[in-house]
Amino acid sequence: MSNIGTLLMVVSTDLPSVTVIIPTFRSADVIKRALDSVLAQTHQPAEIIFVDDASGDQTPELLHQLAATDSRIRVLENELNIGPGRSRNRGWDAAKTELVAFLDADDSWDPDKLRIQCQWMRSHPTEVICGTRHRFAHDGIASLNSDSVSRFTVTDILRRNRFTTPSVVIRRAVPDRFDSRLRLAEDYLLWMELAARYGGVNRIDTALTILHKPIYGAGGLSGKTFAMFISELRAILQLRRRGYIGPLQTIASWCWSTLKLARRLPTSLIRTLRWRALHG
């Protein structure tokens, strides 16, 4: 743990530059909310890269309209639907700044998120990644705010994913990428790889990321509970194949993931019903 209370009071003009990467797929109804939360940041990004994943609707047209209003906005369009992980990789490869931050099209940020994370990354130049806690916009789940930063090993991440993709800021120069063979749990695998390679990953224990759908049990990619479970098993297997964990830890992690699935299923049902009630 390390204290960030003093960081919150620091006013700095030399924070690291950051690119925000937002993959989109048929997101015309929510993308303005995500972008507004970026434009409201107290530390503004140097670039905002939208990667449209072959939406086939009005989303690309809206993105180009938004790009015409701000020279920092770039729009990349995939010819084929390749999934969120590969779309993030494309934006990551196109970024030119010291840091990159990921935001999903249907989520948003607290106005101080980038400032706090960029200050932390500047103060810890040997660290490669920093996430935050999150809160749910509609689910009524209490968030935890704290002046601490937690560090997690690969074993910690195997037990439970410790942060969501829209919470992450990472150094652009990191050579690792989201696994192109996974459409789900590709972020989970990347966090585990980074924890194994660099000795741990970091999370600011303040809820600076706002999720507008439950992680499990709503529409969209995050609602595919069983598919997420299968991808989680594949991610653990990939971790094993790359030599980061042994066979016993692989089997134990698969068993643990199966137990987590049994817990997620009723939670998924409850959240699905609640989300549908709120959204008609």
Side-chain angles (χ1 to χ4, degrees), residues 4 15-24 34 37-38 41 43 45-51 83-95 97-136 143 149-154 156-157 160-179 182 184-213 215 221-222 235:
I4 65 167
L15 292 181
S17 60
V18 59
T19 296
V20 177
I21 298 168
I22 309 176
T24 65
S37 78
V38 175
Q41 292 297 300
H43 175 51
E47 300 179 301
I48 304 168
I49 300 178
F50 288 103
V51 185
R86 291 176 66 185
S87 295
R88 293 187 194 104
N89 287 345
R90 188 180 179 194
W92 192 344
D93 291 339
T97 55
E98 180 179 348
L99 304 174
V100 296
F102 302 110
L103 177 61
D104 289 347
D106 51 5
D107 295 319
S108 60
W109 289 337
D110 180 273
D112 278 330
K113 178 183 182 291
L114 288 183
R115 178 177 65 84
I116 292 171
Q117 286 182 286
C118 288
Q119 285 178 258
W120 192 88
M121 294 291 278
R122 182 193 61 184
S123 300
H124 299 79
T126 62
E127 300 295 340
V128 299
I129 184 172
C130 174
T132 77
R133 281 191 176 270
H134 62 266
R135 65 180 177 87
F136 295 98
S143 62
V149 176
S150 298
R151 185 168 177 82
F152 303 106
T153 66
V154 64
D156 295 326
I157 304 297
R160 180 166 60 87
N161 195 349
R162 303 293 173 155
F163 39 67
T164 60
T165 306
S167 80
V168 168
V169 167
I170 191 168
R171 298 199 187 277
R172 180 183 59 84
V174 168
D176 306 83
R177 291 294 185 268
F178 295 98
D179 194 305
L182 296 176
L184 296 169
E186 77 288 345
D187 51 352
Y188 179 58
L189 175 57
L190 181 58
W191 316 150
M192 290 191 293
E193 287 183 303
L194 293 175
R197 183 189 295 270
Y198 298 100
V201 292
N202 310 284
R203 185 190 67 197
I204 293 173
D205 292 327
T206 303
L208 301 172
T209 302
I210 304 165
L211 306 185
H212 293 265
K213 288 198 304 258
I215 298 176
L221 286 171
S222 57

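In this text the structure is predicted, and so the values were computed from the model without any measurement.
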### Message
Once rounded to the nearest 0.5 Å, what's the spacing between atom CG of Asp187 and atom CE of Met192?
### Response
9.5 Å
### Query
Is there side-chain contact between Ser167 and Leu208, with at least one heavy-atom pair below 4.5 Å?
no
### Task
Give, for atom CH2 of Trp109 and atom CD1 of Ile210, the distance between the pair rounded to the nearest 0.5 Å.
11.0 Å
### Message
For a quick test of reading the model, state the closest non-hydrogen atom pair linking Val51 to Arg90 and the distance between them.
### Response
CG1-CD, 4.3 Å
### Query
Is the shortest heavy-atom distance from the side chain of Ile170 to the side chain of Leu194 under 4.5 Å?
yes
### Query
Is there a donor-acceptor pair under 3.5 Å between the side chain of Arg172 and the backbone N or O of Thr97?
yes
### Task
Kindly give the heavy-atom pair with the smallest separation between Leu15 and Arg115, and that separation in Å.
CD1-CG, 4.1 Å
### Task
May I ask you to say whether Arg135 pairs ionically with Asp110, meaning some side-chain N is under 4.0 Å from a carboxylate O?
no
### Message
Nearest 0.5 Å, please: how far is NZ in Lys113 from CG in Leu103?
### Response
8.0 Å
### Over all atoms of both residues, closest heavy-atom pair of Gln41 and Leu114
OE1-N, 2.9 Å
### Query
Distance from Leu184 atom CG to Leu189 atom CG, nearest 0.5 Å?
12.5 Å
### Query
Hey, are the side chains of Thr164 and Leu211 touching, using non-hydrogen atoms and a 4.5 Å cut-off?
yes
#### Entry: Minimum side-chain heavy-atom gap Val201-Phe163 below 4.5 Å
yes
### Min side-chain heavy-atom separation Asp176-Arg197 under 4.5 Å
yes
### Message
I'd like to know if the side chain of Tyr188 reaches the main chain of Ile157, judged simply by a donor and an acceptor atom lying under 3.5 Å from each other, with no hydrogens or angles considered.
### Response
yes
### Query
What heavy-atom pair brings Ile48 and Ile22 nearest, and what distance separates the two atoms?
CG2-CD1, 4.2 Å
### Query
Any idea how Phe136 and His134 line up, ring-wise: parallel (<30°), tilted (30 to 60°), or perpendicular (>60°)?
perpendicular
### Task
Give a yes or no on whether the backbone of Val149 and the side-chain of Arg151 come within a donor-acceptor separation of less than 3.5 Å.
no
### Task
Check Glu47 against Thr19 and note the closest heavy-atom contact, atom names and distance.
OE1-OG1, 2.5 Å
### Message
Rounded at 0.5 Å granularity, tell me how far OG in Ser150 sits from CZ in Arg133.
### Response
6.5 Å
### Message
Are Asn202 and Trp120 packed together at the side-chain level, in the sense that at least one heavy-atom pair is separated by less than 4.5 angstrom?
### Response
yes
### Task
Give a yes/no verdict on a cation-pi contact between Arg88 and Phe178, requiring under 6.0 Å between NZ or CZ and the six-membered ring centre and an angle within 45° of the axis.
yes
### Query
Just how far is it from atom CZ of Arg122 to atom CD of Gln117, taken to the nearest 0.5 Å?
14.0 Å
### Heavy-atom pair with the smallest gap, counting every atom of Val174 and Trp92
O-CZ2, 3.9 Å
### Task
Taking the side chain as every heavy atom from C-beta outward, state whether Trp191 and Val168 have any atom pair closer than 4.5 Å.
yes
### Query
With a 4.0 Å cut-off, would you call Arg171 and Glu98 a salt bridge?
yes
